[in-house]
Structures are given as C-alpha cells and as structure tokens.
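One structure is given here, and the rest of the page talks about it.
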Amino acid sequence: MTHPTTYVLVHGAWHDGQSWKRVAPLLTAQGHRVFTPSLTGHGDKAHLLSPEVGLTTHADDIVGLILEHDLNDIVLVGHSYAGMVISSVANRVPGRISRLVYIDAMVPTHGENAIDVMPLTQVMIDGAADSAQPWRIPPLPEFPVPVGLFGVTDPDDIAWLKTTLTDESVLCFQQPAEMHNPAQASIPRAHILCIGNEPEGVTRRPIPKLQPNGEPSRVYTVDTGHDAMITKPVELSALLLENA
C-alpha cells in the first residue's frame with residue numbers, strides 16, 4: 001500500500017453509522033482512514049428528524065463532513081438509499097472524490113428521485129399515508145428467513161439492528177438527485193450487488209455496461225442479504241480494499 005485511503009461510508013435509509021461497525025475496523029487495520037457518519041434523523045442525530053429533512057439535507061451532511069475535515073481522494077461508499085446521497089455529493093465536490101462505490105444501492109441519473117429508481121418506495125409512502133404523521137416512513141418489517149430484516153437473519157444481529165433503526169422522512173425519497181456537474185461523470189464507479197435472497201417484488205435496475213466516464217462498469221457480487229456490512233463484513237471489506 002503506497003498511501004492510506006480515506007473512506008466515507010454512508011448508511012442507507014432507516015439505519016445509522018453503527019451499521020458499519022464490523023467493516024470499519026477491517027479497513028482501519030490496513031492503515032486506512034474511515035468515517036461512518038450518521039445522517040440527519042438517525043443515530044446521534046435521530047432527534048433532528050423532521051418533515052424538512054430530505055435528500056438535500058443528507059448530501060449537506062456528507063459535504064459538511066468532507067469540508068470540515070478537508071478530505072480529498074475519498075472513496076465515497078453508499079449503501080441502498082445512500083446511492084442517492086453519494087451521487088448528490090459527487091455533483092457538489094467531485095474534485096475531492098477518487099471513487100464512488102454503490103453497495104446494493106440506488107443509482108440515479110440527474111433529476112431522478114428514489115421513487116423513480118425503485119418504484120416500490122412509493123408503496124411504503126402510501127402505507128404511511130393514513131398514519132398520524134404521514135411524512136414518517138417506518139423501516140421495513142422483519143420477514144421470514146431467508147429475507148429476514150434487511151437481509152439479516154441471525155437472531156442476535158436482528159435484535160441489535162432493531163435498536164438502531166429509525167423512521168425516514170418522506171422527503172428523502174421525493175427530492176431528486178442533482179447530477180448536472182460534468183465533473184462528477186468522470187469519477188470512477190464500482191457496484192457491489194447483494195444476491196441470493198432478494199425479497200419478492202423487489203427489482204434491481206440493471207447496471208449500465210459503461211460507467212458515465214466511458215469505462216466498463218465494475219460490478220461485484222456478494223452472496224448475502226441486503227445489509228452486507230452486517231452479514232458479510234470480511235467479504236465486503238475485501239471488495240472495498242480492492243477499490244481503494
């Protein structure tokens with residue numbers, strides 16, 4: 001290793017920064033610098049959840065972290081919904097990012113929101129429409145094995161994960177990603193797909209054969225459920241190290 005890499009790992013909807021607790025030590029053990037922030041409305045920022053929290057808020061969170069610590073040459077990693085977040089961040093500070101890594105993530109184009117990328121999101125929004133606070137979208141429920149809770153099936157892991165999950169503001173799924181900056185298109189991208197036990201009715205948008213920069217897409221697979229950082233941290237960390 002010629003020099004340490006800075007990783008910024010961004011959790012998906014309903015989760016918080018703790019979701020990376022098994023991955024971060026494996027990266028730091030190799031000498032790398034790792035940030036695992038919780039987005040507004042989650043983790044240590046759960047009390048800030050409001051109807052005004054949206055995709056722009058979460059992009060602000062990560063851009064703020066990058067500028068506060070003057071980070072450069074970042075491998076910016078987004079899981080699930082955070083594919084929307086890292087795409088928006090790349091639009092704003094492309095010169096500070098060396099690679100984008102999408103883990104089982106939403107991959108928007110300019111002007112798309114989470115509903116466009118994964119229409120099933122609208123079903124969750126509709127499900128909350130008659131609640132006292134329809135702007136609060138609760139986490140997905142636990143399903144029978146092999147789907148489990150976000151792909152987590154170990155009972156102890158499920159019990160822990162439930163303590164970290166909090167509602168998402170509907171605006172996070174409704175605000176569009178801004179990707180109009182031509183510089184963001186030149187950032188290399190990698191995609192890590194979790195395969196083997198996808199919930200029924202969940203369809204993944206195919207990864208284009210070419211990246212926006214014209215290079216062939218880099219696509220990897222991990223045989224596990226959606227929350228690979230919890231279920232397969234060693235395998236996932238190896239792929240992140242490969243994309244340092």
Side-chain angles (χ1 to χ4, degrees), residues 7-24 34-46 49 53-59 61-62 65 75-90 100-108 112-121 123-125 136-143 147-152 157-158 160-175 177 190-195 197-199 202-205 222 224-233 236 239-240:
Y7 289 91
V8 177
L9 311 180
V10 187
H11 64 81
W14 304 295
H15 293 61
D16 67 9
Q18 296 179 82
S19 62
W20 303 103
K21 71 174 187 176
R22 293 176 177 169
V23 170
V34 182
F35 293 84
T36 58
S38 289
L39 299 172
T40 296
H42 303 284
D44 58 348
K45 301 174 183 173
L49 184 66
V53 172
L55 175 60
T56 300
T57 313
H58 291 161
D61 290 337
I62 303 304
L65 173 79
V75 175
L76 184 58
V77 180
H79 175 245
S80 195
Y81 154 77
M84 305 290 297
V85 179
I86 67 171
S87 298
S88 301
V89 172
L100 295 169
V101 181
Y102 295 84
I103 302 176
D104 224 30
M106 297 180 177
V107 185
E112 287 188 316
N113 64 19
I115 302 165
D116 296 320
V117 179
M118 185 169 285
L120 182 65
T121 307
V123 176
M124 293 181 281
I125 295 172
R136 297 181 72 117
I137 310 302
L140 291 172
E142 180 182 350
F143 293 94
V147 176
L149 183 63
F150 292 101
V152 178
D157 286 346
I158 288 175
W160 169 78
L161 180 57
K162 284 180 177 178
T163 68
T164 71
L165 298 177
T166 50
D167 293 349
E168 200 72 48
S169 168
V170 68
L171 192 60
C172 297
F173 302 131
Q174 294 173 331
Q175 280 188 326
H191 303 267
I192 301 173
L193 307 180
C194 302
I195 62 171
N197 60 354
E198 297 87 343
V202 175
T203 55
R204 179 186 287 119
R205 175 183 285 185
V222 180
T224 192
H226 185 56
D227 280 4
M229 68 286 296
I230 297 172
T231 58
K232 290 288 182 77
L236 181 60
L239 292 176
L240 293 177

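Computation of the quantities below employed the complete heavy-atom set of this structure, encompassing side-chain atoms and omitting hydrogens, waters and symmetry-equivalent molecules. Numbers for residues simply follow the sequence, beginning at 1.
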Qualifying residues under side-chain contact (heavy atoms from CB on, under 4.5 Å), relative to Leu65, sequence neighbours excluded: Val8, Phe35, Pro37, His69

Partners passing side-chain contact (heavy atoms from CB on, under 4.5 Å) against Ala59 (at least two apart in sequence or in another chain): Ser88, Val89, Arg92

Listed partners of Phe173 passing ring-ring contact (aromatic ring centres under 6.0 Å, His included), at least two apart: Trp14, Tyr81

Results of ring-ring contact (aromatic ring centres under 6.0 Å, His included) for Tyr102 - residues two or more places apart only: His191

Name of the residue among Lys162, Lys232, Arg22 meeting salt bridge (Lys or Arg N to Asp or Glu O under 4.0 Å) with Asp157: Arg22

Report yes or no: does [X] contribute a side-chain atom to a donor-acceptor pair with the main-chain N or O of [Y] at less than 3.5 Å?
X      : Y      : answer
His58  : Val85  : no
Ser87  : Pro108 : no
His79  : Ala105 : no
Asn113 : Asp116 : yes

Set of residues satisfying side chain to side chain donor-acceptor pair (under 3.5 Å) with respect to Lys21, sequence neighbours excluded: none

Side chain to side chain donor-acceptor pair (under 3.5 Å) partners of His226, counting only residues at least two apart: Ser80, Asp104

Do [X] and [Y] get their side chains close enough for a donor-acceptor pair, meaning under 3.5 Å?
X      : Y      : value
Gln175 : Thr56  : yes
Thr224 : Thr231 : yes
Ser19  : His11  : no

Verdict with reasoning, Leu55 to Gln174, per side chain to side chain contact (heavy atoms under 4.5 Å, CB included): CA-CA 8 Å; Leu55 175 60; Gln174 294 173 331; over 6 Å; no

I need the [X] [atom1] to [Y] [atom2] distance, nearest 0.5 Å.
X      : Y      : atom1 : atom2 : answer
Asp167 : Ile137 : CG    : CD1   : 8.0 Å
Ile158 : Glu142 : CD1   : CD    : 4.0 Å
Ile86  : Met106 : CD1   : CE    : 12.5 Å
Leu49  : Thr40  : CG    : OG1   : 9.5 Å
Thr57  : Leu39  : OG1   : CG    : 9.5 Å
Glu112 : Met118 : CD    : CE    : 12.0 Å

Quick check: do [X] and [Y] have side-chain heavy atoms less than 4.5 Å from each other?
X      : Y      : answer
Val77  : Trp20  : yes
Val222 : Leu193 : no
Val101 : Leu240 : yes
Ile62  : Leu76  : yes

